[in-house]
There are 2 protein chains.
Amino acid sequence: MISDSTALDSAFLALADPVRRSIIARLSRGPATVNELAEPFEISKQAVSKHIQVLEQAQLVTRTRDAQRRPVHLNPARLEALTAWIDQYRLVREGQFRNLDAVLQSSAGQRGAKAKEQ
Amino acid sequence: MISDSTALDSAFLALADPVRRSIIARLSRGPATVNELAEPFEISKQAVSKHIQVLEQAQLVTRTRDAQRRPVHLNPARLEALTAWIDQYRLVREGQFRNLDAVLQSSAGQRGAKAKEQ
DNA sequence: TTATTTATCAACCTTTCGGTTGATTAAGAA
DNA sequence: TTCTTAATCAACCGAAAGGTTGATAAATAA
């Protein structure tokens, strides 16, 4: 699992923009060039190119070569890393119930749930 | 599922900061006051207060009252909404295989996977 | 070679973010 | 009432985000 703080920073930041999320959605249907990705938006191609660089730096996408084209590909592994981080905490309620169960059943107190990440 | 674009913006942006993720981690072990949340950090209490406001505006946390204290609580439902968004795309590979299976089995072409979100 | 296509680089601008310090509000305790 | 505790508000600052336009690079096509 990803736990490097700056990697999480850049990945979550990359998803915090509707244009970039839309690009992710498009790429989930297959690779695309910058021109193809820019087409649905009203902003300049340069602006879209920058968005792609943000996604690439966050390792949410990768790029290949095809003549002058630089096709962009989704990297689902990085998305999985993000759900893995979130799941640590979204499942906490359930975990606390499990702890409570353990306490009730063993009649021992104090099952200290240690924290993770930074 | 959450699909309002600005709600996703604010939620992902809120997670794109190590201090705020650390606060989420702390809250997963139970509610805490601003002073308690500020204690592990070297930044001012006002700065932490602002971070909490960012989390609150993103609906990742809620607040209650206890005399002068304003305890902060995690809202796991919002975290679930984010994994739900991500899972649309991180599971795409699998979805494409499913589509491929369908094509192979039905011998009909063109099962157009329509896009969602903006 | 020259022209075209694809994409990036560079400089610039405006807005937002993350932090600071100092003043203020609100509730309880003495 | 006065003092203390808990937290926010307000003004300010530097850095980064997201956009623009114009110039440039790199590969292909004519």
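This structure is a prediction, so every number in the text was calculated from the model and none was measured. Every heavy atom of this structure was used, including side-chain atoms; hydrogens, water molecules and symmetry mates were not. Letters A, B, ... are given to chains in the order of the sequence lines, protein chains preceding strands, and every chain is numbered from 1.
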Engineer: Starting at the 5' end of nucleotides 18-23 of chain D, put B wherever the base has a protein heavy atom under 4.0 Å, S where only the sugar-phosphate does, and a dash everywhere else.
Structural biologist: SBBBB-
Engineer: State plainly whether one hydrophobic cluster holds both A/Leu15 and A/Tyr89, where clusters connect Ile, Leu, Val, Met, Phe, Trp and Tyr through side-chain heavy atoms under 4.5 angstrom apart.
Structural biologist: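 Per the 4.5 Å side-chain linkage, A/Leu15 and A/Tyr89 are co-clustered.
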Engineer: Atom CZ of A/Arg65 and atom C1' of D/dA27: how far apart are they, to the nearest Å?
Structural biologist: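 Atom CZ in A/Arg65 sits about 8 Å away from atom C1' in D/dA27.
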Engineer: Rounding to an integer number of Å, can you tell me how far B/Arg70 CZ sits from D/dT8 P?
Structural biologist: 6 Å
Engineer: Using whole Å, what does the distance between atom C1' of nucleotide C/dT8 and atom CD of A/Glu56 come to?
Structural biologist: 12 Å
Engineer: Does the side chain of A/Leu82 come within less than 4.5 Å of B/Thr83's, by heavy atoms?
Structural biologist: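 Of all side-chain heavy-atom pairs linking A/Leu82 with B/Thr83, none is under 4.5 Å.
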Engineer: What's the shortest heavy-atom distance between A/Pro76 and B/Arg90, and which atoms?
Structural biologist: CB-O, 4.1 Å
Engineer: If you look at every heavy atom in A/Arg20 and A/His51, which pair is closest and at what distance?
Structural biologist: NH1-ND1, 3.2 Å
Engineer: Examine distances only and state if a side-chain atom of B/Arg21 and a backbone atom of A/Ser5 form a donor-acceptor pair shorter than 3.5 Å.
Structural biologist: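 Yes, the answer is positive, given that a donor and an acceptor are paired below the 3.5 Å cut-off.
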Engineer: Between atom CD1 in B/Ile52 and atom C1' in C/dG18, what is the gap in whole Å?
Structural biologist: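 The answer, rounded to whole Å, is 15 Å.
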Engineer: Report yes if at least one side-chain N or O of A/Asn35 is closer than 4.0 Å to OP1 or OP2 of C/dA7; otherwise report no.
Structural biologist: yes
Engineer: Measure from CD1 on B/Ile23 to P on D/dA7 and round the result to the nearest Å.
Structural biologist: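 Rounded to whole Å, this separation is 13 Å.
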Engineer: Quick check on D/dT8: is either OP1 or OP2 less than 4.0 Å from any side-chain nitrogen or oxygen of B/Arg69?
Structural biologist: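 Looking at the OP1 and OP2 atoms of D/dT8, neither is under 4.0 Å from any side-chain N or O of B/Arg69.
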Engineer: Side-chain N or O of A/Thr33 less than 4.0 angstrom from OP1 or OP2 on C/dT6?
Structural biologist: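 No, because none of the side-chain N or O atoms of A/Thr33 sits under 4.0 Å from OP1 or OP2 of C/dT6.
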Engineer: Take atom CD of B/Gln68 and atom C1' of D/dA6, then tell me their distance rounded to the nearest Å.
Structural biologist: 6 Å
Engineer: How close or far is atom C1' of D/dA17 from atom CD of A/Gln57, stated in whole angstroms?
Structural biologist: 13 Å
Engineer: Starting from P on C/dG19, measure out to CD on B/Gln53 and report it in whole angstrom.
Structural biologist: 13 Å
Engineer: What distance separates B/Thr33 OG1 from B/Arg70 CZ, expressed to the nearest 0.5 Å?
Structural biologist: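 Taking OG1 in B/Thr33 and CZ in B/Arg70, the distance rounds to 11.5 Å.
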Engineer: Which atom names give the shortest non-hydrogen contact between A/Arg78 and A/Ala7, and what distance separates them?
Structural biologist: NH2-CB, 3.5 Å
